[in-house]
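What follows is a set of notes on a single structure, which appears directly below.
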Amino acid sequence: MADVEPRRRRARALPLPDTVALVLQGGGALGSYQAGVIEALSAAAIEPDWVAGISIGAINAAIVAGNPPERRVERLRQFWNQATSWLPSFPILPDDMVREFVHEWSAGFVAMAGVPGFFGPRFIPPFMAVPGTPGALSFYDSTPLRDTLDELVDWDLLNDGPVRLSVGAVDVESGNFRYFDTYDERIDARHVMASGALPPGLPPVEIDGRWYWDGGLVSNTPLQHVLDNQRAEMIVFQVDLFSAADERPRTIMDVAARAKEIAFSSRTRQVTDQMMRLRKERELVRRVLAKLPPELAADREVEALAAMAAEQPVSLVHLIYRANAWEGGARDFEFSTRTMREHWAAGREAVEATMANAELVAENILTGRTAAFDLAR
């Protein structure tokens, strides 16, 4: 009997492997770009089996995992509409210089007033608060985020439902990175808040007697965690909010923006390059082992080496936000309605451009190869 190829799930633009993973980077206000990506993937009938996030990516990821498919976009829109409700949708402005001024003014307003449903300023400055209390450790109070998450996320569905969730945070005392993962434990609002507790703005979050800060302090992308725990053929949609490559800075605001891009995107590039290098090395090991005679192939050490070299193929699709000319170093802190809508639209457009050029990804999935793609460039 002829071999029958395993039946695959299909989206509208490409076949899907066993696991669809969505990897969401940190980036504050830029997270609405991720929401646009999620909406467009859903419209293309691509539903994730696993979502992993850092910081704002952890919030978006929790909303995805904690809601049924038909409610995810609605809940994301509710979060982002609330977060940007204090700043109006400014009219289209005449040039980039004026838009940049308004952009920086909006970020300054957030610094003074906070973000609705997310965080608010403390009445007593931290240097006047009692040492060791949350008020002495941060400029803002993140308590509103707990109420927002409890309203938007079904925690029972998140922990017991079909979508795996992973969020990363840093242990304040040890400095070690930690992933909270529904594969191993139950997650609630504390774990998501810990992943986004960026100091000195937001206070550490206590979980089981330990204090945790924003995972972006160590790594701004959860890609490594997903690849290290891969158990089946996979496609990963990695949504990056900072571009590694950009033009030379021309002003001091450009310098601040570029420095932030490099700091928060370099780890992503490093992980991707390392993944591809290791995959090629393991492929070479497998080819050499396949040439061994049976008596050597049965050796215990050879078998152990074969197990180390075994892997499942992965297609890594990059969806990278590329900033507008008027977005400066405060772009991750500018929660205005117009900018949020523009970021959201850019996320949708990136997925649409990727799906229009998805033949290479489809070929890779069907042939079982590993590769990384940036098709929306």
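FYI, side chains are in, hydrogens and waters are out, and symmetry mates aren't considered; it's all heavy atoms of this structure. Note that this is a predicted model, so its numbers are computed, not measured.
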Under the salt bridge (charged side-chain N to carboxylate O under 4.0 Å, His left out) test, which residues partner [X], sequence neighbours left out?
X: Glu104; result: none
X: Arg122; result: none
X: Glu173; result: Arg210

Once side chain to side chain donor-acceptor pair (under 3.5 Å) is applied, do any residues pair with [X], and if so which ones, sequence neighbours excluded?
X: Asp181; result: Arg164, Ser166, His225
X: Glu283; result: Arg287
X: Asn60; result: Gln34, Trp80

Q: Check ring-ring contact (aromatic ring centres under 6.0 Å, His included) between Phe180 and all other residues, then give those that pass, not counting sequence neighbours.
A: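 Result, ring-ring contact (aromatic ring centres under 6.0 Å, His included) vs Phe180: His191, Tyr212.
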**Q.** Residues that Ala136 engages under side-chain contact (heavy atoms from CB on, under 4.5 Å), provided they are two or more places apart
**A.**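 With neighbours one apart ignored, the set is Ala129, Thr133.
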**Q.** Partners passing side-chain contact (heavy atoms from CB on, under 4.5 Å) against Glu206 (at least two apart in sequence or in another chain)
**A.**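 Residues passing side-chain contact (heavy atoms from CB on, under 4.5 Å) with Glu206: Trp211.
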Q.
We want to know whether Thr367 and Arg369 form a side-chain donor-acceptor pair, criterion being a heavy-atom distance below 3.5 angstrom.
A.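 Yes, because at least one side-chain N or O of Thr367 sits under 3.5 Å from a partner of the opposite role on Arg369.
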Q.
Do the side chains of Arg178 and Asp208 get close enough for a salt bridge, i.e. N-O under 4.0 angstrom?
A.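 No, no charged N to carboxylate O under 4.0 Å.
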Q) Who else is in Leu289's hydrophobic cluster (ILVMFWY, side-chain heavy atoms under 4.5 Å, direct or via others)? A)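 Grouped by the 4.5 Å side-chain rule, Val285, Leu292, Leu296, Val302, Leu305 form the rest of the cluster around Leu289.
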Q | Shared-cluster residues of Phe127, by chain and number - hydrophobic side chains joined below 4.5 Å | A |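 Same cluster as Phe127: Ile124, Met128.
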Q: Measure from NZ or CZ of Arg77 to the centre of the six-membered ring of Trp344, then state whether that distance is under 6.0 Å and the direction lies within 45° of the axis.
A: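 Yes, Arg77 and Trp344 form such a contact.
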Ignoring hydrogens and angles, write down the donor-acceptor pairs under 3.5 Å from the side chains of residues 352-360, residues two or more places apart or on other chains.
residue, atom, partner, partner atom, Å
Thr354, OG1, Ala350, O, 2.9
Asn357, ND2, Ala353, O, 2.8

